[in-house]
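Everything on this sheet refers to the single structure shown next.
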Amino acid sequence: MHDILPEQISLWQTLEDRARVVLEGYGYQELRTPLLEVTELFARSIGEVTDIVEKEMYSFDDRNGESLSLRPEGTASCVRAAIEHGLFSSPRRLWYRGPMFRHERPQKGRYRQFHQIGVEVFGLEGPDIDQEVVLLTRRLWNAVGLRGLRLEINSLGEGEERAVYCRELTDYLQRDVQYLDEDSRRRLQTNPLRVLDSKNPDMQEVIAGAPRILDHLGKESREHFDRFCAGLDQAGIGYQVNPRLVRGLDYYNRTVFEWITDSLGAQGTVCAGGRYDTLVAQLGGPRTPAVGFALGLERLVAMLGAGQSLSLDGLDAYLVAVGEAPMAKALVVAEDLRNAVPGLRLLCHCGGGSFKSQFKKADRSGARYALVLGEGELERGIIGVKPLREAGEQLEVALEELPAFFTGKA
Ligand code: HAM
């Protein structure tokens, strides 16, 4: 679990702000749910025989002896909240963000507390909404300047189709059981689909020869998938059909997808989701089709930090003041300027020091401009404005003209 330090925070805030703008642009409403839920909720939704529920949850008994868990993901909580508050009367587009907790083996891109932004759509069953959530993710990547992601898609069909497929898959894997590692042999009995997700290089040949779920789809599932693919084609979104994309949570049916990068090593899935049309009813709500995804903010931050260009919304100005009277006036000048230019990010230097040392700090702050207030400036009712991020002479701007200077730059 990590602290997010002030040096990294503008990247996080920029990501979160831009994501919110994109989500609102598609009519999604934010939902905030508790970090703790009863353990049973996750066992019933994510699945008893998934890695998450079997070995990764932070669970404990509270003072009443009830087993609670820190949420390992957001979908189950959203469904629980929607059932509890009756949010199913008409289609709903919801989004959420916040920390999730999984006791995984930590490595680059995989943490025990991590942050997701996710969406869940309730009440829409057609492939058009699957297409919309993918379009939305593409807009998100563009909004934060993220490049180099590839989209993989698959269909897991409906329950009955999957059951038939799983029997065939199990028979196939049984024939080659000597090539399976211990984990996969266990999975073969409990959750054979997950064997397809193994990264063990010794098993890749067996996995490559396995029957494909896409060959076991019924007519309606096939049509749904074909229309989803056609929608992506029409929108100019490139994708690969990966028949081995199975996801690590059990609630999915039909469409599943992942956005993947090769730049983060083994933990390359930046965003993942799909349909889960039976979960709401399974948890006691009305029969309600659903689709959603979640993206991992740590992975996004790692990609953007690794040289991808995200223009950060940093400080607009750093106010430098030298001399007793200018220092006394600086905070007032800063207040007036903030009043006059809503949203201006202005840091007013405190604690004195020479021009040179204050300028150094101004430069290091990342601000676009240094505002310079000395005795001379104060006497003449002006302020020096020195661009710090581009070449340019220091200008003299009358104090009352300063708001106009910044509004003009906005
Ligand atoms: P998930 O695939 O478990 O799906 O997680 C989604 C994303 O969260 C991953 O692609 C990854 O970027 C990030 N993530 C997961 N675990 C970690 C970790 N230990 N450290 C860092 N990042 C991580 C879900 O959680 C589903 N609830 C998504 C969904 C929403 N499906 C439908 N609606």
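Counting convention: from 1, in listed order, for ligands and their atoms alike. Predicted, not measured: the structure shown is a model, and the values here were computed from it. Sequence positions, counted from 1, serve as the residue numbers for this chain.
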- Output yes when a side-chain donor or acceptor of Asp316 lies under 3.5 Å from a complementary backbone atom of Leu344, and no otherwise. no
- Strictly under 4.0 Å, does any heavy atom of Glu258 approach an atom of ligand 1? no
- Report, in ascending order of atom number, the atoms of ligand 1 lying under 4.0 Å from any heavy atom of Cys271. 10 (O)
- Task: State plainly whether the residues Arg185 and Glu182 are in salt-bridge range, i.e. N to O under 4.0 Å.
- Result: no
- Pick from Arg110, Arg105, Gln116: the one approaching atom 5 (O) of ligand 1 most closely through a non-hydrogen atom: Gln116
- Task: Step through it carefully: locate the ring centre of Tyr239, locate the ring centre of Phe257, and say whether they are under 6.0 Å apart.
- Result: no
- Item | Nearest-neighbour protein heavy atom for atom 13 (C) of ligand 1, which is reported as residue plus atom name and distance | Gly296 CA, 3.7 Å
- Among the heavy atoms of Glu298, does any lie under 4.0 Å from an atom of ligand 1? no
- Query: Mind checking whether Tyr96 has an N or O less than 3.5 Å away from an N or O of ligand 1?
  - Reply: no
- For ligand 1, which atoms have a heavy atom of Ala294 less than 4.0 angstrom away? 6 (C), 7 (C), 28 (C), 29 (C), 30 (C)
- Taking atom 20 (N) of ligand 1 as the reference point, the nearest protein heavy atom with its distance: Tyr111 N, 3.0 Å
- Query: At a 4.0 Å threshold, what atoms of ligand 1 neighbour a non-hydrogen atom of Tyr252?
  - Reply: 26 (C), 28 (C), 29 (C), 31 (N), 32 (C)
- Test log, rule salt bridge (Lys or Arg N to Asp or Glu O under 4.0 Å), inputs Arg194 and Asp197: CA-CA 5 Å; Arg194 299 288 305 145; Asp197 203 31; 3.1 Å; yes
- Ile52-ligand 1 polar pair, N/O distance under 3.5 Å: no
- Message: Nearest non-hydrogen contact with atom 2 (O) of ligand 1 belongs to which option: Arg247, Arg299, Lys108?
- Response: Arg247
- Message: Please list the nearest protein heavy atom to atom 19 (N) of ligand 1 with its residue and the distance rounded to 0.1 Å.
- Response: Glu104 OE2, 2.6 Å
- Message: Keeping Arg112 on the side-chain end and Glu104 on the backbone end, is there a donor-acceptor pair under 3.5 Å?
- Response: yes
- Check if Trp259 has a non-hydrogen atom at a distance under 4.0 Å from any atom of ligand 1. no
- Please identify which atoms of ligand 1 are closer than 4.0 Å to at least one heavy atom of Ala272. 2 (O), 10 (O), 28 (C), 29 (C)
- Examine Phe114 against ligand 1 and note whether any of their N/O atoms are separated by less than 3.5 Å. no
- Task: May I ask you to say whether Glu223 pairs ionically with Arg227, meaning some side-chain N is under 4.0 Å from a carboxylate O?
- Result: no
- Message: How close do Arg93 and Ile129 get, counting heavy atoms only, and between which atoms?
- Response: NH2-CD1, 3.5 Å
- Query: What closest approach, in Å, do Pro72 and Phe114 show between heavy atoms, and which atom pair accounts for it?
  - Reply: O-CZ, 3.8 Å
- Non-hydrogen atoms of Gly273 and Tyr252 that approach each other most closely: C-CE2, 3.7 Å
- Give a yes or no on whether Lys386 atom NZ has more than 12 heavy-atom contacts from other residues, nucleotides or ligands under 6.0 Å away. yes
- Item | For Glu73, the ligand 1 atoms whose distance to one of its heavy atoms is below 4.0 Å | 25 (O), 26 (C), 27 (N)
- Query: Backbone or side chain, does any N or O of Gly273 fall under 3.5 Å from an N or O of ligand 1?
  - Reply: no
- Which of these, Arg186, Arg187, Arg247, sits in a salt bridge (Lys or Arg N to Asp or Glu O under 4.0 Å) with Asp51? Arg187
- Query: Of all the atoms in ligand 1, which lie at a distance below 4.0 Å from a heavy atom belonging to Thr75?
  - Reply: 26 (C), 27 (N), 29 (C), 30 (C), 31 (N), 32 (C), 33 (N)
- Message: Regarding Arg167 and Asp171, does a basic nitrogen lie under 4.0 Å from an acidic carboxylate oxygen?
- Response: no
- Item | Shortest reach to atom 26 (C) of ligand 1 by a heavy atom, considering only Phe293, Tyr276, Tyr251 | Tyr251
- At a 4.0 Å threshold, what atoms of ligand 1 neighbour a non-hydrogen atom of Gly109? 20 (N), 21 (C), 22 (N)
- Tell me: protein heavy atom nearest atom 10 (O) of ligand 1, and distance? Thr269 O, 3.2 Å
- If we number the atoms of ligand 1 from 1 as shown, the ones under 4.0 Å from a heavy atom of Glu120 are 30 (C), 32 (C), 33 (N)
- Heavy-atom side-chain proximity of Leu193 to Arg162 below 4.5 angstrom: yes
